[in-house]
J.: 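The following block contains the structure, expressed as structure tokens.
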Amino acid sequence: MPIHFDESKKIFKLDTKSSTYAFLVYNGGFLVHLYYGAKLPDNNLKHLMYRGWFDSLSPYAEGVDDPRFAVDINPMEYSTNGAGDFRISACAVRGRDGNTVTDLRYVSHKITKGKPKLPGLPATFAKENEAETLEIETVDEVTGVKVFLFYTVFEDYGVMTRSVRAENGGKFPVELEQLYSACIDFPAMDMDMVHLYGKWAKENTTARHPLQHGIQAIRSKRGMTGPNHNPFLALVDHTATEETGNAYGVNLVYSGNFSIEVEVDTRGCPRVLAGIDPESFRWRLEPGESFVSPEAVMVYSEHGLGGMSRTFHHFYLDHLMRSEWTKKKRPLLINSWEAAFFDFDGDKLVEFAREAKELGIEMLVMDDGWFGNRFDDHRALGDWTVNEEKLGGTLGELTDRVNALGIKFGIWYEPEMINPDSDLYRAHPDWAICAPGRKKSLSRHQCVLDMTRQDVRDHIFHQMESVLSKANIAYIKWDCNRHISEAASLELPPERQGEFFHRYVLGVYDLMDRITTAFPHILLENCSSGGGRFDAGMMYYSPQIWASDNTDAIERLTIQFGASLCYPIAAIGAHVSANPRTDIVTRGNVAMCGTFGYELDPRKLTPEEKEIVKKQVRDYHKYYDLIRFGDFYRITSPTEDPFVCDWEFVSRDKNEVLFTRVIMRRPENLYQHQRLRGLDPDKLYTDEDTGEVYSGALLMHAGLDLSGTPGWRWLQDGESMVKHFSAC
Ligand code: DGJ
């Protein structure tokens, strides 16, 4: 049983195969956190609740006869506001009296098999025999608000998920001001914080720095998660490496405004909160109403950042990404955007398809520019009717022409957006988000549709449905190219405007759910000016997300390495483009560390490049399972090493290994060497290039002389090499 409650000690112990999480119901019903980390056999954990002695300025805990206990000092399971804990609070409720004092105490609990769904929200899923869920009921006596804490334990993965439901059990309306999904109190600050920051065309850059006293946070107020910070944070030992040391990862299954904060208190104890950004959030609960927070996924690994990442990867592939395409072989695609931008017609697309077919590519994606009056990015978003003049016929006719060549057909949408120069805007200017009395700021000449509104969502759904049901569409790219300013909904009363941002996200999820339910066989790829909404919420609907508009292979290394900290390689959208900084071999090797595809004009490839593309296509099929479902090892990081970047895939049965090195800047040392990782030391592996046989032990401990392989030459800046081994 992964969840165990010790009645006599009042201790909850949540065990996975590799971790233990424990907390206690203490005097007065306080929930006190005890431990999170490597698996413990002990049940006697009560002493872990103490962090020194009471401090004179901290209030005594009401109803607790213990001079060593104060909610300001002890590790609390789910911190509340204004009742004596002066650290960052997970929960604050404004009651009828106008104050935000919130004091949650344990009432009851239940343990069930499986995992309940989170209404309206994407979340990880489990069958009855795959997980166990603990539900704790707490109550704030004064407001009558009940807060239910959910913990689902995935024993086989070293994963626990958390979410919170608040229910107004009182007689008067209340306002939720903060309702974080998870709170974790750690005992010591000898840890580094690892997170992902960036911007357009430079998403998911890894940052690592020691925790400091005070508050450090990553967040978004953009209406979407955004490229600036990803809703992922890890705390690792100062000494932790890719393969060793304690690593704790927290990731939100959410695509809107979020906040992940760490406060290190004066005792040096870090508290982590993860959830909806409270600054842009208020939620009014009438008596009897409930609110559910998004899910936080927590991973612990004693095998460093790499162990944590591999746990996230396998867990998300098995229990988050619900599309049938997650595990099914996805068609190898070519996208029209960087090949043509808006400058295409039906004939040009058919030419692309014909050339693509020659190369072995399986699907053509028609990007932006196929609808309404969309000849540039100034107009027509919202007018999702096919421009038949531009395409030279109906969409059905075009897809038939492309399909006749043996190529599938995909299409681009940006469903959440509207240009002021569009028929939709002329008919419904009030559907574009804007606070009353303010001017709408434009971004890429566009506004955001008010997705909180059912009528808006219905209209967009029907437009999309009408196009998708009349042609053989195999794929949708769902784009989203601006963030939300002047946020307000004309449909919401003033006292509910604080709900706008979360309702927007719920609206997007609703529309995505309707589209993927109506067209379950369509492969959905998300995108937001590249990787601007690269999050687990989106991954629930789409098994791949375009990682960046930056397709330079060297720049892509940091972007894809960063994304891989939390997200599976199978989800990282990566294409070979015409970007000239590196040769097409390296562009292919880097895109192979992702979904792999093309984004160039195939007619412009030289005969030599075409031969290289054909080999890449063969490799795509050859390594498909290994790359998507194997274990990923980041070996040399492009943010830490100035010269090379190395990574490796190992099949789960350890029978196959694929190693890649990219030379970012040519090292002076002619001797190029690397130790492989994750192999079976007792197995023998054949080097596909040379036929030489080595033990896994040799490849991992002595390593591989990369400069010693036949045909090797001194690789120049931007060049790369790949080594493939099979167990014999
Ligand atoms: C931004 C995306 O990231 C690009 O790939 C492309 O789809 C454009 N939008 C189209 O407008």
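Each residue takes its place number in the sequence, starting with 1. Just so it is clear, the values below take in all heavy atoms, side chains as well, and ignore hydrogens, waters and symmetry mates. Both counts, for ligands and for their atoms, begin at 1 and track the order of listing.
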J.: Under 3.5 Å, is there a donor-acceptor pair linking the side chains of Ser441 and Arg438?
T.: no
J.: Check whether the side chains of Glu599 and Thr551 place a donor and an acceptor atom closer than 3.5 Å, and report yes or no.
T.: no
J.: Would you list the pairs meeting ring-ring contact (aromatic ring centres under 6.0 Å, His included) in which at least one residue belongs to residues 576-595, sequence neighbours left out?
T.: none
J.: State, without any angle test, whether Thr595 and Arg330 hold a side-chain donor-acceptor pair at a distance under 3.5 Å.
T.: no
J.: What pairs with Phe341 under ring pair (Phe, Tyr, Trp, His ring centres under 6.0 Å), at least two apart in sequence or on another chain?
T.: Trp337
J.: Polar pairs, ligand 1 vs protein, N/O only, below 3.5 Å.
T.:
| from | atom 1 | to | atom 2 | distance (Å) |
| --- | --- | --- | --- | --- |
| ligand 1 | 3 (O) | Gly530 | N | 3.0 |
| ligand 1 | 3 (O) | Asp549 | OD1 | 2.4 |
| ligand 1 | 3 (O) | Asp549 | OD2 | 3.1 |
| ligand 1 | 5 (O) | Lys477 | NZ | 2.8 |
| ligand 1 | 5 (O) | Asp549 | OD1 | 3.4 |
| ligand 1 | 7 (O) | Asp367 | OD1 | 2.7 |
| ligand 1 | 7 (O) | Asp367 | OD2 | 3.3 |
| ligand 1 | 7 (O) | Trp412 | NE1 | 3.1 |
| ligand 1 | 7 (O) | Lys477 | NZ | 3.0 |
| ligand 1 | 7 (O) | Asp479 | OD2 | 3.2 |
| ligand 1 | 9 (N) | Asp479 | OD2 | 2.7 |
| ligand 1 | 9 (N) | Asn481 | ND2 | 3.4 |
| ligand 1 | 11 (O) | Asp368 | OD2 | 2.7 |
| ligand 1 | 11 (O) | Arg444 | NH1 | 2.9 |
| ligand 1 | 11 (O) | Arg444 | NH2 | 3.0 |

J.: Tell me, please, which residues at least two apart from Lys199 pass salt bridge (Lys or Arg N to Asp or Glu O under 4.0 Å).
T.: none
